[in-house]
Amino acid sequence: MSTAILAFERDYAVQRHHARLTFAAVTAVLIVLFLVTAEASNFFKITQVTLADGTRAERWVIGAGLPRLGEYISKTIPDLSWASLGSDLAVWFSRWQIWAQLLLETVLIAFMATVLGVVGGFILSFPAARNLAPNRWVLWLSRRYLEIARTVPELVFALIFVFCFGVGPMAGVLAIGLHTAGALGKLYSEANENIDMRPLDGVKAAGGSWFDMIRYGAVPQVLPNVLSYTLLRFEINVRASSIIGYVGAGGLGQEFRTAMSYQEYTDLSALFVIILVTVTVIDRLSEMLRHRVMGLEART
């Protein structure tokens, strides 16, 4: 066996040994972090429960809580029978006219907020990209603004805007739009950092300005990613706009709050079905649009 082969096998054995040590160390750190996090979140907490015969016993909090979860879900399921299915569904969705209006308001809030978020995130994504920022200060300011916008939850923004502009859809649009700008700006900027810089160098060599470099060199490359992220965010915003109404920012959220306050459990399941169907339809339409655009690009 030659010296080169022996050296290769020796180096390979050393690398394998280092890889095993790294894997073991990372695994140990993850296990420790999991145990610390589980302890901080009371995952291993022991609680007392009342048994069927009235006696008290100690149970693991997860084991004690899961039956109650099933009990809560069972309360939201209406009584349906095949013989009277039509009337049972009519009772289940008895408030469908009100819910339909609020659902339309929810979708419009999500659409308007997505438009505002796309505009803000798209504009700021270019100065927030390391390879496209004009200077370090613009890069720093753009990134800090996007971080603040996406760090603050929509509900917090909604509470602020409800205080400023009163109860209604406007507060919801501004809250979700601001958060969307931060989230999409981050995604768009990462897409910008992965583009091919040669088209931009060509525009610059031809005497183009920074805006010309972005317009003709960067934008055409990132448009497919922008479309994909935008459609995904619109679906997310539909769900978000159905929740922020809980604090008075319009949409179906106020119906969730009413149903929970008055313990109208079957209304909760009806609202859940409405949101599920709406998100499914939007997801299907978004997929069709993405495929359509990809087909047009392939033909050109």
Side-chain angles (χ1 to χ4, degrees), residues 4-49 57-70 72-73 117 121 124-133 136-159 175-176 178-197 222 224-226 228-237 239-240 243-244 279 283:
I5 295 177
L6 291 174
F8 172 79
E9 291 182 346
R10 183 174 60 252
D11 294 340
Y12 179 75
V14 171
Q15 292 294 329
R16 289 282 296 174
H17 179 67
H18 289 167
R20 291 192 184 98
L21 290 178
T22 302
F23 177 78
V26 172
T27 302
V29 170
L30 290 176
I31 292 175
V32 171
L33 289 176
F34 172 78
L35 294 175
V36 171
T37 304
E39 181 64 27
S41 58
N42 294 328
F43 189 81
F44 300 117
K45 180 181 178 181
I46 303 298
T47 185
Q48 288 191 344
V49 297
E58 291 186 345
R59 294 288 187 272
W60 183 29
V61 65
I62 297 296
L66 286 177
R68 300 196 64 186
L69 175 61
Y72 187 89
I73 294 176
L124 290 176
S125 68
F126 297 105
R130 293 185 182 277
N131 57 334
L132 300 177
R136 290 194 305 171
W137 284 108
V138 173
L139 174 67
W140 188 88
L141 290 174
S142 301
R143 290 202 164 195
R144 298 297 81 78
Y145 174 81
L146 294 176
E147 288 172 0
I148 295 172
R150 70 175 178 271
T151 299
V152 180
E154 293 101 327
L155 279 175
V156 176
F157 279 138
L159 287 171
I176 299 178
L178 185 56
H179 189 274
T180 299
L184 288 181
K186 171 66 172 177
L187 296 174
Y188 293 164
S189 65
E190 290 180 350
N192 293 336
E193 291 179 348
N194 293 323
I195 64 174
D196 184 1
M197 295 298 294
V222 298
N225 286 331
V226 168
S228 179
Y229 292 143
T230 299
L231 294 176
L232 174 62
R233 191 66 203 187
F234 177 58
E235 177 186 332
I236 295 173
N237 286 346
R239 295 194 296 269
I243 298 300
I244 61 170
V279 172
D283 178 65

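Worth saying up front: this structure is predicted, and the values here are computed from it rather than measured. Note: hydrogens, waters and symmetry copies are ignored here, and every other heavy atom, side chains too, is used.
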With sequence neighbours excluded, residues passing ring-ring contact (aromatic ring centres under 6.0 Å, His included) with Y72: Y265

Report the residues that fulfil side-chain hydrogen bond (donor to acceptor under 3.5 Å, both in side chains) with [X], sequence neighbours left out, ordered by chain and then residue number.
{"X": "T230", "value": "Y188"}
{"X": "S125", "value": "N192"}
{"X": "R239", "value": "E235"}
{"X": "E193", "value": "R143"}

Taking salt bridge (charged side-chain N to carboxylate O under 4.0 Å, His left out) as the test, write out the residues that go with D11, two or more places apart. none

Got a sec: does the CD of E39 have more than 12 other heavy atoms crowding it under 6.0 Å? no

With rounding to the nearest 0.5 angstrom, report the [atom1] to [atom2] distance, [X] to [Y].
{"X": "D283", "Y": "F234", "atom1": "CG", "atom2": "CZ", "answer": "11.5 Å"}
{"X": "I244", "Y": "H179", "atom1": "CD1", "atom2": "NE2", "answer": "11.5 Å"}
{"X": "F43", "Y": "T37", "atom1": "CZ", "atom2": "OG1", "answer": "11.5 Å"}
{"X": "H18", "Y": "Q15", "atom1": "NE2", "atom2": "CD", "answer": "7.0 Å"}
{"X": "L141", "Y": "L124", "atom1": "CG", "atom2": "CG", "answer": "10.5 Å"}
{"X": "N225", "Y": "E190", "atom1": "CG", "atom2": "CD", "answer": "10.5 Å"}

Quick one: closest heavy-atom pair of F157 and A149, and the distance? CE1-O, 3.4 Å

Smallest heavy-atom separation, A129 atom then S189 atom, equals CB-O, 3.9 Å

4.5 Å side-chain heavy-atom contact, [X] and [Y]:
{"X": "R233", "Y": "Y229", "answer": "no"}
{"X": "I195", "Y": "M197", "answer": "yes"}
{"X": "L155", "Y": "L159", "answer": "no"}
{"X": "L178", "Y": "V152", "answer": "no"}

Answer yes or no: is there a donor N or O on one side and an acceptor on the other, between the side chain of S142 and the main chain of L139, under 3.5 Å? no

